[in-house]
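Heads up, the thing below is written out as structure tokens.
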Amino acid sequence: MNDVSFTVNKGETLSIIGTSGSGKSTLLRTLNRLLSTTQGNIEFRGKNIMDIPVIELRRQIGYVLQEPALFPHWTIEKNIELVPQLLGWSKENIAERVQELLELMQMPYKNYGTRYPSELSGGEKQRIGIARALAAKPDLVLFDEPFSALDPITRSDLQQEILRLKEKLKMTSVFVTHDVKEAFLLGDRVLILDRGKMIQTGTPKEIMNNPVNDFVEKFIATEYEL
Ligand SMILES: Nc1ncnc2c1ncn2[C@@H]1O[C@H](COP(=O)(O)OP(=O)(O)OP(=O)(O)O)[C@@H](O)[C@H]1O
Ligand SMILES: [Mg+2]
């Protein structure tokens with residue numbers, strides 16, 4: 001990966017778009033050190049991530065994947081509790097947090113807390129995936145194509161959910177998608193990747209008005225029929 005440089009400000013969403021294999025997931029994984037960089041550096045809250053113990057870093061960064069990979073033999077409550085429990089939160093604080101998160105995701109505890117993942121729809125599972133990522137109040141949340149496997153209506157609902165969370169929690173996030181519309185809807189700024197290179201970055205409006213090259217223009221045109 002080359003020529004990639006960007007900043008995500010507090011409370012902001014950065015969308016990353018690019019075709020399959022362009023390096024979106026790879027870039028995301030460098031942010032929480034699931035992959036390490038050979039060149040360049042990454043700072044988190046003003047500190048080089050290599051100077052932050054990896055466990056501490058990951059505790060501050062939530063991660064939501066396309067498949068939420070919930071533990072099948074654990075209830076929803078237990079799945080959400082995992083990280084706060086690892087962090088040694090008190091029982092009361094954990095219970096309160098689970099209630100709060102389920103409320104936030106519009107899946108009240110009394111209806112969902114004791115269910116198992118197999119008893120949820122795809123969209124509900126992904127809501128729990130998001131709740132789990134938010135459980136320990138991370139400073140940054142990484143999303144890797146979280147809605148790709150969902151039908152358009154559920155997808156649209158969850159996109160609105162993300163906008164709501166951003167407003168309500170002042171959530172800071174990096175959101176990977178190959179869907180141009182989704183990227184433009186959710187991102188305050190958008191970064192376009194092609195074959196491991198950053199092609200353009202800017203607000204959705206800037207990119208729409210001034211695509212830097214044919215590739216970007218084509219990419220936008222596929223969705224917006226320009
Ligand atoms: N663990 C790995 N080892 C070596 N190469 C890898 C590894 N993971 C991904 N790659 C390669 O790096 C490139 C970028 O892959 P990446 O998964 O980041 O793409 P992506 O943009 O997320 O694609 P998609 O939209 O399909 O998820 C691809 O050429 C891929 O084959
Ligand atoms: Mg990917």
Side-chain angles (χ1 to χ4, degrees), residues 1-8 12-44 49-50 54-55 57-58 61-70 122-123 125-130 132-134 138 140-152 154-156 158-159 161-162 165 171-204 207-208 211-224:
M1 191 153 289
N2 276 305
D3 301 334
V4 178
S5 173
F6 62 91
T7 305
V8 188
E12 220 180 50
T13 301
L14 175 77
S15 295
I16 299 179
I17 40 173
T19 48
S20 186
S22 58
K24 304 181 296 296
S25 299
T26 302
L27 179 56
L28 207 63
R29 287 192 200 114
T30 60
L31 302 181
N32 61 5
R33 283 180 63 185
L34 282 174
L35 288 171
S36 44
T37 48
T38 46
Q39 277 178 17
N41 66 306
I42 301 171
E43 286 185 0
F44 179 62
I49 59 168
M50 298 314 283
V54 72
I55 293 186
L57 178 77
R58 292 203 193 130
I61 302 181
Y63 192 30
V64 182
L65 296 162
Q66 185 173 336
E67 288 292 327
L70 303 170
K125 268 187 213 152
Q126 196 51 283
R127 284 173 192 269
I128 299 303
I130 297 170
R132 184 184 54 182
L134 294 174
L140 172 67
V141 188
L142 309 178
F143 293 91
D144 196 347
E145 307 209 27
F147 308 147
S148 304
L150 304 174
D151 64 82
T154 307
R155 184 173 187 146
S156 166
L158 283 170
Q159 287 168 350
E161 202 66 56
I162 295 289
L165 290 174
M171 178 174 76
T172 310
S173 61
V174 178
F175 195 102
V176 163
T177 174
H178 59 251
D179 183 314
V180 178
K181 271 193 178 142
E182 185 167 84
F184 282 14
L185 173 71
L186 301 180
D188 297 290
R189 282 179 306 121
V190 177
L191 188 161
I192 302 176
L193 275 184
D194 182 32
R195 285 166 285 176
K197 283 199 171 159
M198 185 172 93
I199 302 300
Q200 186 167 11
T201 175
T203 63
I207 294 180
M208 291 276 259
V212 288
N213 61 19
D214 286 354
F215 174 80
V216 176
E217 200 162 333
K218 247 196 222 149
F219 210 74
I220 301 171
T222 55
E223 281 293 339
Y224 289 94

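One-based numbering, in listed order, for ligands and for the atoms of each. The residues of the chain are indexed from 1 along the displayed sequence. These numbers come from a predicted model, not from an experiment. Atoms considered below: every heavy atom in the structure, side chains included; atoms not considered: hydrogens, waters and symmetry mates.
Side-chain contact check for L31 versus F44: every heavy-atom pair is 4.5 Å or farther apart.
Side-chain atoms of Q126 come within 3.5 Å of backbone atoms of L65 as a donor-acceptor pair (strictly under, hydrogens ignored). In this structure a side-chain-to-backbone donor-acceptor pair under 3.5 Å is missing from R189 to E12. Within the 3.5 Å criterion, the main-chain N or O of E161 finds no donor-acceptor partner in the side chain of R127. In terms of modelled atom types and a separation under 3.5 Å, the side chain of D214 and the main chain of E217 share no donor-acceptor contact. A donor-acceptor pair under 3.5 Å is formed between the side chain of K24 and the backbone N or O of G18. With hydrogens and angles disregarded, a donor-acceptor distance shorter than 3.5 Å links the side chain of R58 to the backbone of R33.
For atom 31 (O) of ligand 1, the nearest protein heavy atom lies 4.0 Å or farther away. For atom 6 (C) of ligand 1, no protein heavy-atom neighbour is found at a distance under 4.0 Å. Distance screen at 4.0 Å: atom 3 (N) of ligand 1 has no protein heavy-atom neighbour inside the cut-off. When distances from atom 20 (P) of ligand 1 to the protein are checked, a heavy atom turns up under 4.0 Å.
No N or O atom of H178 sits closer than 3.5 Å to an N or O atom of ligand 1. Remark: ligand 1 and S20 share an N or O pair separated by less than 3.5 Å (distance only, no angle test). Considering both main-chain and side-chain atoms, G23 comes within under 3.5 Å of ligand 1 through a nitrogen or oxygen pair.
The two residues D194 and I199 make their nearest non-hydrogen contact at CB-CG1, 3.5 Å. When all heavy atoms are compared, the tightest approach of R155 to T177 is NH2-OG1, 3.9 Å. Pairing each heavy atom of L140 with each of S173, the nearest pair is CD1-CA, 4.0 Å.
For the ligand labelled ligand 1, residue S22 lies inside the 4.0 Å heavy-atom shell. The closest approach between a heavy atom of T19 and any atom of ligand 1 is below 4.0 Å.
Looking at E145 against ligand 1, only its side chain comes within 4.0 Å, counting heavy atoms.
Inclusion of S25 in the first shell of the Mg ion (ligand 2) is supported: an N, O or S atom falls under 2.8 Å.
Among all protein heavy atoms, the one lying closest to atom 13 (C) of ligand 1 is G21 O, 3.7 Å. Atom 25 (O) of ligand 1 has K24 NZ, 2.7 Å as its closest protein atom, hydrogens excluded (heavy atom only).
If you number the atoms of ligand 1 from 1 as listed, the ones under 4.0 Å from a heavy atom of S25 come out as 17 (O), 18 (O), 20 (P), 22 (O), 27 (O). Here is the list of ligand 1 atoms found below 4.0 Å of a heavy atom in T26: 14 (C), 15 (O), 16 (P), 18 (O).
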